[in-house]
> 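Pasting a structure here, questions to come.
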Amino acid sequence: FALAPGWIKVPGQWVLGIVSSVAVDAQDHVWVLQRPRSLPDAERAKAAPPVLEFDATGTFVRAWGGDGAGYRWPADEHGIYVDRAGYVWIGGQGEDDQILKFTRDGKFVMQVGDASTPKSNDNVARLWKPADMVVHPSTNELLVADGYGNKRVIVFDATTGAFKRQWGAFGRPPRDASSESAIADLGPEGPSEFVSPVHAVRVANDGLVYVADRGGRRVQVFTLAGAYVAQVFIGRECHAPDCGNGTTAAGLAFSADADQRFLYVANRSQAQVMVFDRKSLGFLDSFGQWGSEPGRFGTLHHLASDSKGNLYTAEVSPLTPANRRVQRFTFTRIDTISR
């Protein structure tokens with residue numbers, strides 16, 4: 001991958017706050033979700049809208065977002081996803097317990113979940129700080145990484161919002177109470193539950209579901225029905241305070257080939273994009289380091305890829321304006337190395 005500096009062209013009257021998430025649609029347009037309320041008071045008047053769309057060249061297309069009739073906009077924007085039909089899905093991780101569905105021009109379609117109580121893994125009509133979502137077109141299902149409050153993947157009908165099923169780590173029923181700490185490894189398999197936050201979810205072309213268990217420092221793989229398949233640890237040696245906040249697997253993406261040979265993982269606390277063989281989960285390569293300079297990462301967050309294999313990264317660094325950005329890494333080639 002090669003950094004493409006200056007690829008994105010944000011209109012000059014606006015500034016970005018913390019950029020929490022990035023998505024790529026079927027047209028290779030890049031969608032940016034940012035937090036206007038994260039800006040200092042002196043910059044707040046120039047804040048861009050929460051949702052911005054750019055074409056494949058980085059040229060601005062449109063922007064929208066915020067409060068409206070029939071839904072509650074997240075207080076702390078977190079995840080964005082654009083499905084194959086062009087619908088835009090938004091979630092938040094503050095006291096935000098809903099997923100919102102919009103048309104690409106910002107017309108409200110549906111809200112899944114709300115802020116009612118109780119907030120629990122047993123409550124299938126409510127979410128609790130959902131971090132990420134994906135729509136599987138073959139089954140028309142919305143899979144949600146739920147997330148910062150709950151410890152589960154929960155599945156809804158993407159048209160009606162009706163609940164379908166849910167699961168926790170290793171395909172077990174998710175639990176609320178746990179004595180397992182975020183840094184406990186608990187043997188070779190790691191914690192028996194997801195460790196908050198359950199931060200990202202993606203479905204491969206072959207139907208396998210990949211879940212970034214950021215607190216558990218791993219990616220787990222499931223069938224669409226929720227049966228456990230395998231896992232790979234991401235920076236298991238990473239512990240706070242010597243290694244960020246000690247959480248790693250934050251974002252997921254696949255390579256652009258039909259078989260999706262490569263799995264890309266955004267490693268938060270080690271500031272790296274890691275490359276794995278998707279099916280074997282064997283580690284292949286990585287790039288990145290902490291910093292604000294172009295090509296480096298400050299609190300690496302979500303990750304997306306386009307049809308040409310290019311990668312886009314979002315960072316959540318509140319104190320460094322240089323990290324309020326989406327970076328593009330252009331896919332260049334595959335190197336074969338004999339070992």
> Is the shortest side-chain N to carboxylate O distance from Arg278 to Asp257 below 4.0 Å?
no
> Identify, with sequence neighbours excluded, every residue that meets side-chain contact (heavy atoms from CB on, under 4.5 Å) alongside Arg165.
Glu141, Val155, Trp167, Leu224
> Take the angle between the ring planes of Phe194 and Phe222 and call it parallel below 30°, perpendicular above 60°, tilted in between.
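If you compare the ring of Phe194 with that of Phe222, the planes turn out perpendicular.
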> Determine, for Glu315 against Arg296, whether the closest basic-nitrogen to carboxylate-oxygen distance falls under 4.0 angstrom.
no
> Between Arg172 and Glu193, does any NZ, NE, NH1 or NH2 come within less than 4.0 Å of an OD or OE carboxylate oxygen?
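No salt bridge links Glu193 with Arg172.
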> Quick one: list whatever passes side-chain contact (heavy atoms from CB on, under 4.5 Å) with Pro174, sequence neighbours left out.
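Applying side-chain contact (heavy atoms from CB on, under 4.5 Å) to Pro174 gives Asn121, Arg152, Gln166.
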> Would you say the side-chain atoms of His199 and Tyr148 include a donor-acceptor pair closer than 3.5 Å?
yes
> Do the non-hydrogen side-chain atoms of Leu127 and Asn150 ever get within less than 4.5 Å of each other?
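No, side chains not in contact.
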> Between Asn267 and Thr248, do the side chains contain a donor N or O and an acceptor N or O under 3.5 Å apart?
no
> Check side-chain contact (heavy atoms from CB on, under 4.5 Å) between Ala271 and all other residues, then give those that pass, not counting sequence neighbours.
Trp290, Phe297
> Does Arg333 pair with Asp335 as a salt bridge, N-O distance under 4.0 Å?
yes
> Can you confirm if the aromatic rings of Phe1 and Tyr264 lie within a centre distance of less than 6.0 Å?
yes
> Is it the case that the side chains of Thr299 and Asn323 hold a donor-acceptor pair, with the cut-off being a distance below 3.5 Å and no angle test?
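On atom types as modelled, these side chains do not qualify, holding no pair under 3.5 Å.
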> Are Asp176 and Lys119 close enough for a salt bridge, meaning some N to O gap below 4.0 Å?
no
> Please determine which of Asp242, Asn245, Leu300 meets the side chain to side chain contact (heavy atoms under 4.5 Å, CB included) test together with Ser269.
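That would be Asn245; it is the only one of Asp242, Asn245, Leu300 passing the side chain to side chain contact (heavy atoms under 4.5 Å, CB included) with Ser269.
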> Before accepting this row, confirm whether a basic side-chain N of the pair Asp96/Lys129 lies closer than 4.0 Å to the acidic partner's carboxylate O.
no
> Less than 4.0 angstrom from a charged side-chain N to a carboxylate O is my criterion; do Arg35 and Glu77 meet it?
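No, no charged N to carboxylate O under 4.0 Å.
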